[in-house]
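What you see is a predicted model, and the numbers here were worked out from it, not measured in a lab.
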Amino acid sequence: DITVVAIYGDSRIRTALPAVQKTLDALPGSKPLLISNVSIATEWEQKPCAPMSYEGYSEFTIYCLHQYIQTPYCLIVQHDGWAFSGENWNDDWLNYDYVGAPTHAALADDGKFYFGYEYVNKNYVSMVQNGGFSLRSKKFLEAPSVYGITRAKVPDPLLLNEDIQLCCFMGYRDWE
């Protein structure tokens, strides 16, 4: 039920091969998928994409990835993030649409975005869950396109990252 996917809009797709393999080893039965503008020698399924920048990756992941995934869930991996052990797997995660490790960044109830864990003493925060290694349901992948959810206009380009947008802004309409 899970596609292990690596997305790179350049030749760096090769750097993700060990992460994909380690994740497949940890989660037997998962389906590998490489999405890149570069074809490489492997037996794994590959799907082409246009070359993409860092910001283009975010746009692709939010609005296009769902078209490439044929299973109910995908696990996004990158060169620096993969499943370590299948013993740590928890089927309860499939009850959620997005599961990623908590990060150092969050949007607090005061409408401010905090980095470096400065949000710790705030009453309510929408914490960023890491997108580079995250489990997502197909339903979640489709939602921005199906419902016309747009990325928030934010003053800092760093806040355009797909994980920040999905976890903090796309459902938070009082920002601006």
Side-chain angles (χ1 to χ4, degrees), residues 2-10 12-13 15-20 22-23 26-27 30 35 52-66 69 73-144 147 149-176:
I2 299 173
T3 299
V4 176
V5 61
I7 308 159
Y8 284 79
D10 58 29
R12 292 180 305 142
I13 188 69
T15 66
L17 297 180
V20 173
K22 289 174 186 177
T23 302
L27 303 174
S30 297
I35 300 173
M52 62 180 91
S53 64
Y54 188 74
E55 185 176 331
Y57 170 88
S58 289
E59 193 77 13
F60 176 88
T61 303
I62 293 170
Y63 296 108
C64 301
L65 180 57
H66 68 93
I69 303 300
Y73 299 91
C74 76
L75 181 61
I76 297 174
V77 300
Q78 295 179 343
H79 67 280
D80 60 353
W82 58 85
F84 181 72
S85 169
E87 294 175 13
N88 296 323
W89 178 260
N90 186 333
D91 282 337
D92 289 341
W93 295 334
L94 300 176
N95 294 322
Y96 299 93
D97 290 312
Y98 186 112
V99 179
T103 68
H104 66 284
L107 178 66
D109 61 351
D110 60 7
K112 294 181 183 173
F113 198 82
Y114 293 91
F115 288 100
Y117 300 101
E118 295 172 340
Y119 62 82
V120 169
N121 294 321
K122 303 298 177 190
N123 292 327
Y124 175 79
V125 297
S126 294
M127 189 181 316
V128 177
Q129 295 180 47
N130 185 296
F133 179 68
S134 60
L135 178 69
R136 303 179 193 200
S137 72
K138 172 92 176 202
K139 179 175 69 171
F140 183 82
L141 295 175
E142 294 170 336
Y147 298 107
I149 302 169
T150 58
R151 296 196 311 173
K153 295 177 183 172
V154 290
D156 183 344
L158 182 61
L159 301 181
L160 293 172
N161 289 356
E162 55 93 20
D163 48 6
I164 294 172
Q165 286 285 315
L166 291 167
C167 293
C168 297
F169 296 118
M170 294 185 96
Y172 186 81
R173 291 297 172 213
D174 293 334
W175 181 265
E176 286 186 287

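- E118 meets the salt bridge (Lys or Arg N to Asp or Glu O under 4.0 Å) test with no other residue; sequence neighbours excluded.
- The shortest non-hydrogen separation linking C168 to L107 is O-CD2, 3.5 Å.
- When the salt bridge (Lys or Arg N to Asp or Glu O under 4.0 Å) test is applied to E142, no partner is found at least two apart in sequence or on another chain.
- For N123, the side chain to side chain contact (heavy atoms under 4.5 Å, CB included) criterion is met by D109, not counting sequence neighbours.
- N90 is linked by a side chain to side chain contact (heavy atoms under 4.5 Å, CB included) to D92, W93, counting only residues two or more places apart in sequence or in another chain.
- Applying the ring pair (Phe, Tyr, Trp, His ring centres under 6.0 Å) test to every pair with at least one member in residues 124-144, sequence neighbours left out, gives these pairs: Y98-F140.
- Contacts of Q129 classified as side-chain hydrogen bond (donor to acceptor under 3.5 Å, both in side chains), with partners at least two apart in sequence or in another chain: none.
- Listed by first then second residue, pairs satisfying salt bridge (Lys or Arg N to Asp or Glu O under 4.0 Å) with a partner in residues 74-90 number zero, not counting sequence neighbours.
- In this view, N130 satisfies the side-chain hydrogen bond (donor to acceptor under 3.5 Å, both in side chains) rule with no residue, not counting sequence neighbours.
- Looking at residues two or more places apart in sequence or on another chain, you find a ring-ring contact (aromatic ring centres under 6.0 Å, His included) between F60 and Y68.
- Residues that satisfy the side-chain hydrogen bond (donor to acceptor under 3.5 Å, both in side chains) test with S58, not counting sequence neighbours, are absent from this structure.
- Looking at every heavy atom in both residues, P144 comes nearest to L166 through CG-CD2, 4.4 Å.
- Residues satisfying the side chain to side chain contact (heavy atoms under 4.5 Å, CB included) test with A105, not counting sequence neighbours, are T103, F113, F115, V128.
- In this structure, the side chain to side chain contact (heavy atoms under 4.5 Å, CB included) partners of Y117, at least two apart in sequence or on a different chain, are H104, Y119, V120.
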